[in-house]
Amino acid sequence: MTRTIFTNGSFYTLDPSQPIVEAVVVEKGRIIDLGTHQEMILQWGRTGSKLVDLQGKMVTPGLIDSHLHLSGVAFNFLDLNLTGMKSKGEMLDKIREKANTVAPGMWLVGMGWDENLFTEGSIPTIEELDHVAPHCPVYLKRICHHAFLVNSKALDMSQYHPSNTVPIGGTVVLDQMTKKPTGLLLESASQLITNYIPVRTYQELKDCLQQAMQFAVKKGLTSVHTNDPAYLGGLDATYKMYDELLNQEGQGLRCNLLIDYPFLPRLIERGMSAGFGNEKLQIGAIKIFADGAFGRRTALLSKPYHDQPGQYGDAMYDPETLYHMVQEIRAHAMPLAVHTIGDKALENVLDVLDQFPKVEYRDRIIHTSLVRNDLVQRLADSSRIADIQPRFVVSDYPWVKERIGEKREPYLYAWKTLLDSGVLCSGGSDAPIELIDPLLGIHAAVTRRTPGDLHEGWNAKEKLSMFEAVKLFTAGGALATNEENLKGTISRGKLADMTVYSNNLFTMGNPDELLQTDIEMTIIGGEIKYNK
């Protein structure tokens, strides 16, 4: 295999032993040497090495998204994308436009709506959905994936009846006057509908997943940790799809698969556990949910919602059930990846985890949105990592302040507090909830404001430095999968995964320059997988 010298770059290695170098030498997918241009050319340049001139560009370790749903990104290439709609009217127009292309009786599926962005109108009613799409069933996921909209056709085709048993933790929202469905479903009530939506063919899913992988690489990502079996037809189909795309067809992107708890028995049957696989494709932690989200007040709080006294949110499982789930997962020495938004949900999870021995791989506390001082101290454990999504601060402010109140705001998205307290942290997007763009995540971590806003940032004391933010999406991502000796820094012996930028993130005078920064090149295993 050809030896490659990537040279004439500003390589920020994140390795304290050699913080900045000019050249990196790669062979067989690994970094074998690094240093000055002159040293590397003298040492390696006379033996037929291929030279790649980076023209002075900034390079970091390959960017890692520690939590997303690549299947959801893929579906945006298939389904109606309602992300960023600014009014109810705009959203309804988009639905009408799509409905006109859908044959009668065929499902119109979409995602991404967010009423908090509306400058006009509120959540569309079932009557409005019926008006713009009278001939086809409609199923639309909110951006958080915790709330859903359906029209009457969808209820009819799903054989909905008021006497139907709603899955535990779910709600069919009813009109207070008529007691009929408003079209809004919360949490697991979506299962009343999804069981009737035709399954995509394997090839359809694989094709759009391939597009999503290519899109991720274009955004500078070299690795992602993705949660998909519930959306790609189960464990077997999901693993087969990823195995074909990564190991057989060489897509390049490295993927760590989070496996939903219901698929644990099948995982065991197949003899798989955390770490199963190779450097391209690997099994990760078992994913469970502890609560919901702030938007619909389903995140579980220790004290009531500020804007709805008496409402604490919803626990997905009672303590006994949660205990037995963790017990089963630990019986197979598996780590957990637990969705926890509210502080009480976090407390419940830690209370259960503390009753079991640690395992080889770190437990991942996903989101860790609202904390308390006592919980921060319990998170500061080398066997745990807070898997945070900086862009949530952009999506949730300012309305989230009304939900939790001024007294608790200092503990909301308290990333700086977590890091300063010794909590291991990784950075992700939760795409398609947020855009699959790590530069936007870094911008949110550094500024804590929406691009274009001019204020100092929401809860500004929790802003991260550029170095801390970049580290979240590099070294932090490696920690989340216990691969810190394999990736996350540009170091000898590690995988040759690197991201090249049009601007230098560490010397820019204003972090808003991130918004005009392009990914110039994505290098995975020493191969240029994207070149602008």
Side-chain angles (χ1 to χ4, degrees), residues 68-69 71-102 107-134 136-155 158 170-175 181-194 197 208 212 231 292-299 341 389 391-400 402-403 429-437 440 450:
L68 50 67
H69 307 268
S71 55
V73 178
F75 292 148
N76 278 333
F77 291 101
L78 277 177
D79 299 329
L80 176 61
N81 186 357
L82 296 169
T83 305
M85 297 290 102
K86 299 297 186 188
S87 69
K88 176 164 68 174
E90 183 184 3
M91 177 175 167
L92 290 171
D93 287 343
K94 196 85 170 178
I95 297 168
R96 180 188 290 107
E97 180 183 336
K98 180 69 173 180
N100 289 337
T101 70
V102 176
W107 283 81
L108 191 167
V109 177
M111 67 176 75
W113 60 272
D114 181 0
E115 77 282 6
N116 291 307
L117 298 179
F118 291 177
T119 56
E120 168 272 317
S122 56
I123 298 174
T125 66
I126 195 167
E127 292 81 9
E128 289 168 328
L129 294 173
D130 291 344
H131 180 70
V132 295
C136 60
V138 172
Y139 175 75
L140 307 171
K141 294 180 187 177
R142 192 182 184 278
I143 193 165
C144 64
H145 287 213
H146 292 273
F148 314 84
L149 282 173
V150 296
N151 67 350
S152 296
K153 198 81 170 176
L155 294 176
S158 304
T171 303
V172 176
V173 179
L174 303 178
D175 184 281
T182 63
L184 182 64
L185 309 178
L186 303 180
E187 304 295 350
S188 57
S190 62
Q191 295 170 23
L192 296 171
I193 306 297
T194 54
I197 299 176
C208 67
Y231 306 104
F294 288 131
R296 307 308 306 175
R297 301 182 188 85
T298 53
I341 297 280
Q389 292 68 47
R391 280 282 294 183
F392 280 12
V393 79
V394 172
S395 297
D396 292 359
Y397 272 96
W399 59 262
V400 71
E402 301 172 7
R403 295 284 190 277
S429 64
D430 204 12
I433 308 300
E434 301 292 340
L435 295 172
I436 182 171
D437 187 340
L440 289 178
T450 303

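Because only heavy atoms are used, hydrogens play no part in the values below, and waters and symmetry mates are left out as well, while side chains stay in. This structure is a prediction, so every number in the text was calculated from the model and none was measured.
With a 4.5 Å cut-off on side-chain heavy atoms, Leu155 and Ile126 count as touching. The shortest side-chain heavy-atom distance between Leu184 and Phe148 does not fall under the 4.5 Å cut-off. Two residues are said to be in side-chain contact when any heavy atoms from C-beta on lie closer than 4.5 Å; Tyr139 and Leu108 fail this criterion. Contact check for Met111 versus His145: side-chain heavy atoms found under the 4.5 Å cut-off.
Minimum heavy-atom separation, Leu185 to Ala189: CD1-O, 4.0 Å. Between Pro181 and Leu174, the shortest heavy-atom distance links the atoms N-CD2, 3.7 Å. Between Phe77 and Val73, the shortest heavy-atom contact is CD1-O, 3.5 Å. Between Gly121 and Lys88 the shortest heavy-atom distance is CA-CB, 4.1 Å. Looking at every heavy atom in both residues, Glu120 comes nearest to Gly89 through OE1-N, 3.6 Å. Shortest non-hydrogen contact noted between Met91 and Leu140 is CE-CD1, 4.1 Å.
Here the straight-line distance linking atom CD1 of Ile436 with atom CG of Asn76 works out to 10.0 Å at 0.5 Å rounding. Between atom CG of residue Leu129 and atom CG of residue Leu92 there is a gap of 6.5 Å, rounded to the nearest 0.5 Å. To the nearest 0.5 angstrom, Thr83 atom OG1 is 7.0 Å from Leu435 atom CG. The CG atom of Asn116 lies 11.5 Å from the OG atom of Ser122; values are rounded to the nearest 0.5 Å. Interatomic distance, CD of Gln389 versus CG of Leu68, reported as 9.5 Å (0.5 Å rounding). One finds the CZ atom of Phe294 at 6.0 Å from the CD1 atom of Ile341 (value rounded to the nearest 0.5 Å).
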Can Val138 and Leu149 be said to form a side-chain contact (heavy atoms from CB on, under 4.5 Å), step by step?
CA-CA 8 Å; Val138 172; Leu149 282 173; over 6 Å; no

Could you walk me through whether Asp130 and Ser152 satisfy the side-chain hydrogen bond (donor to acceptor under 3.5 Å, both in side chains) test, starting with their C-alpha distance in whole Å, then the side-chain angles of each, then the deciding distance to 0.1 Å, before giving a yes or no?
CA-CA 6 Å; Asp130 291 344; Ser152 296; 2.6 Å; yes

How far apart are the C-alpha atoms of Leu186 and His146, what are their side-chain angles, what is the distance that settles it, and do they pass the side-chain contact (heavy atoms from CB on, under 4.5 Å) test?
CA-CA 6 Å; Leu186 303 180; His146 292 273; over 6 Å; no

Apply the test side-chain contact (heavy atoms from CB on, under 4.5 Å) to residues Leu192 and Ser158: give CA-CA distance (whole Å), side-chain angles for both, the deciding distance (0.1 Å), then the verdict.
CA-CA 7 Å; Leu192 296 171; Ser158 304; 5.8 Å; no

Take Leu80 and Trp113 through the side-chain contact (heavy atoms from CB on, under 4.5 Å) test and state the conclusion after the steps.
CA-CA 10 Å; Leu80 176 61; Trp113 60 272; over 6 Å; no

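The main-chain N or O of Gly170 is found under 3.5 Å from a side-chain atom of Ser188 such that the two form a donor-acceptor pair. Under a 3.5 Å cut-off, the side chain of Asp114 and the backbone N or O of Leu82 do not form any donor-acceptor pair. With hydrogens and angles ignored, the 3.5 Å screen pairs a side-chain donor or acceptor of Asn151 with a backbone N or O of Ala133. Here the side chain of Asp430 pairs no donor or acceptor atom with the backbone of Ile433 at under 3.5 angstrom.
No side-chain donor from either of Thr171 and Glu187 sits under 3.5 Å from a side-chain acceptor of the other. Under the 3.5 Å distance criterion, with hydrogens and angles disregarded, a donor-acceptor pair is assigned to the side chains of Ser395 and Glu434.
Below 30°, between 30° and 60°, or above 60°: for His69 and Tyr231 the angle between ring planes is above 60°, a perpendicular geometry.
Between Arg142 and Glu115 there is a salt bridge, with a side-chain nitrogen of the basic residue lying less than 4.0 Å from a carboxylate oxygen of the acidic one.
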For residues 95-102, please give each side-chain donor-acceptor pair under 3.5 Å, one per line with the distance, not counting sequence neighbours.
unit_1 : atom_1 : unit_2 : atom_2 : d
Arg96  : NH1    : Asp93  : OD1    : 2.9
Asn100 : ND2    : Arg96  : O      : 3.3
Thr101 : OG1    : Lys98  : O      : 2.6

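Each salt bridge (Lys or Arg N to Asp or Glu O under 4.0 Å) pair with one or both residues in residues 72-87, not counting sequence neighbours, appears once here: Asp79-Arg200.
Taking the ring-ring contact (aromatic ring centres under 6.0 Å, His included) definition, one finds that Phe118 meets it with nothing, sequence neighbours left out.
Other residues, nucleotides and ligands contribute at most 12 non-hydrogen atoms within 6.0 Å of the NZ atom of Lys153.
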